[in-house]
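In what follows, a structure is listed as structure tokens, so that the remarks can point back to it.
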2 protein chains.
Amino acid sequence: MKLSKTEEELMSHLWKLDKAFMKDLLEEYSEPKPATTTVATLLKRMTDKGFVGYELFGKSRQYFPLVEKTAYFSKHVNGLIKNFFNDSSSQFASFFTKETDLTKKELEELRAIIDQQIKNK
Amino acid sequence: MKLSKTEEELMSHLWKLDKAFMKDLLEEYSEPKPATTTVATLLKRMTDKGFVGYELFGKSRQYFPLVEKTAYFSKHVNGLIKNFFNDSSSQFASFFTKETDLTKKELEELRAIIDQQIKNK
DNA sequence: ATTAATACTCTACATTTGTAGAATCAATTC
DNA sequence: GAATTGATTCTACAAATGTAGAGTATTAAT
């Protein structure tokens, strides 16, 4: 099962906050914020799909993600890669670094990470 | 306007082939292949959305992409990044290189590319 | 010519998505 | 204790998606 684009956005807020009540999630949206009922519907659907859990606090719910961001994202990204880059991660990676506009500092950070990984191979 | 997941898959075939007749596109699918009418519908919708064009060859059409893969992908990826990594490309990049399982060779390739890019900054 | 195969359009239909009002129930405030 | 606020569920509904049959036109094969 997967999330729709809109659900993903909400999910990203939830990942960011880690635990959150409805109102916290609503606050995360920039204007124009969706109606509370809209978010409620989304949360319900996401709960049904098994991506979100909650703990009751008195009468209201504190929601939390049931899937790791990285886990979800890996799957997601791999799908994209398969589709667009005929399954080549490195092709994708080089494309990515070319396309997204990283600053010099970011690039250097990234190189450091890569160096580290090369060392571990 | 954007493509749905299924449309994206078809689009990836089209990008790969660059120009293709219906049957060529159908061949690209692995089993179980969709019905020809399904692909035809998809192609029509994608044409309507302005992602695909075609040239008539006698009675049938040779389809071709009207959007660059990289252009489309940039937009796509940027949306994801925004959602999942709070707008930080470098955060994404480091995540990506950690998560996807690049070989030593691929990593070295990638480092070379990055070095190149650092030089140009 | 008759048939068979192709490509395409039209139509169809169940699901999913995006969005939110109305109603309900509980908590808080005046 | 009456009214307001907040969270949730129910209901609704249009648009988009996934999928493909039926019908039509055209070309190729026999």
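Sequence lines set the chain letters: A, B, ... in the order given, protein chains first and strands last, and positions in each chain run from 1.
- Here C:dC8 presents its C1' atom at 18 Å from CZ of B:F57, a figure rounded to the nearest Å.
- Taking only side-chain nitrogens and oxygens, A:T6 comes nearer than 4.0 Å to OP1 or OP2 of C:dG18.
- When the C1' atoms of four end pairs are superposed on the next four at each end of the helix from C:dA1-D:dT30 to C:dC30-D:dG1, using five pairs per end, the two resulting axes differ in direction by 0°, to 10°.
- With B:N120 contributing its side chain and B:Q117 its backbone, the two residues share no donor-acceptor pair below 3.5 Å.
- Atom pair A:D48:CG and C:dT15:P shows a separation of 16 Å (rounding to whole Å applied).
- Regarding B:R61, its CZ atom lies at a distance of 13 Å from the C1' atom of C:dT6, rounded to whole Å.
- Judged purely by atom type and a 3.5 angstrom limit, A:T41 uses its side chain to pair as donor or acceptor with the backbone of A:T37.
- For the pair B:L43/B:L25, a side-chain contact is recorded, criterion being any heavy-atom separation below 4.5 Å from C-beta on.
- At a non-hydrogen distance threshold of 4.0 Å, B:M22, B:K23, B:T37, B:A40 from residues 18-47 of chain B come into contact with DNA chain C.
- Ring geometry for B:Y72 versus B:W15: interplanar angle of 30 to 60°, hence tilted.
- Using a 4.5 Å cut-off on side-chain heavy atoms (C-beta onward), B:P65 and B:F51 make no contact.
- Using a cutoff of 4.0 Å between basic side-chain nitrogens and carboxylate oxygens, A:E7 and A:K49 are scored as salt-bridged.
- Counting non-hydrogen atoms of other residues, nucleotides and ligands closer than 6.0 Å to NZ of B:K105 gives a total of 12 or fewer.
- When rounded to the nearest whole Å, the span between CG of A:L3 and C1' of C:dT15 equals 17 Å.
- One finds a salt bridge joining A:E28 and A:K16 here, because a Lys/Arg side-chain nitrogen approaches an Asp/Glu carboxylate oxygen to under 4.0 Å.
- In the hydrophobic clustering of ILVMFWY residues, with side-chain heavy atoms under 4.5 Å counting as a link, A:F21 and A:Y54 come out apart.
- Within the 4.0 angstrom heavy-atom criterion, no nucleotide atom of any strand lies near A:Y54.
- Between the C1' atom of C:dT15 and the NZ atom of A:K2 lies a distance of 12 Å, rounded to the nearest Å.
- A distance of 12.5 Å separates CG of A:L42 from NZ of A:K44, quoted to the nearest 0.5 Å.
- Under the 4.5 Å side-chain criterion, counting only non-hydrogen atoms from C-beta, A:E68 is not in contact with A:F73.
- Read 5' to 3', the first and last nucleotides of DNA chain D with an atom closer than 4.0 Å to a heavy atom of chain B are D:dT17 to D:dT26.
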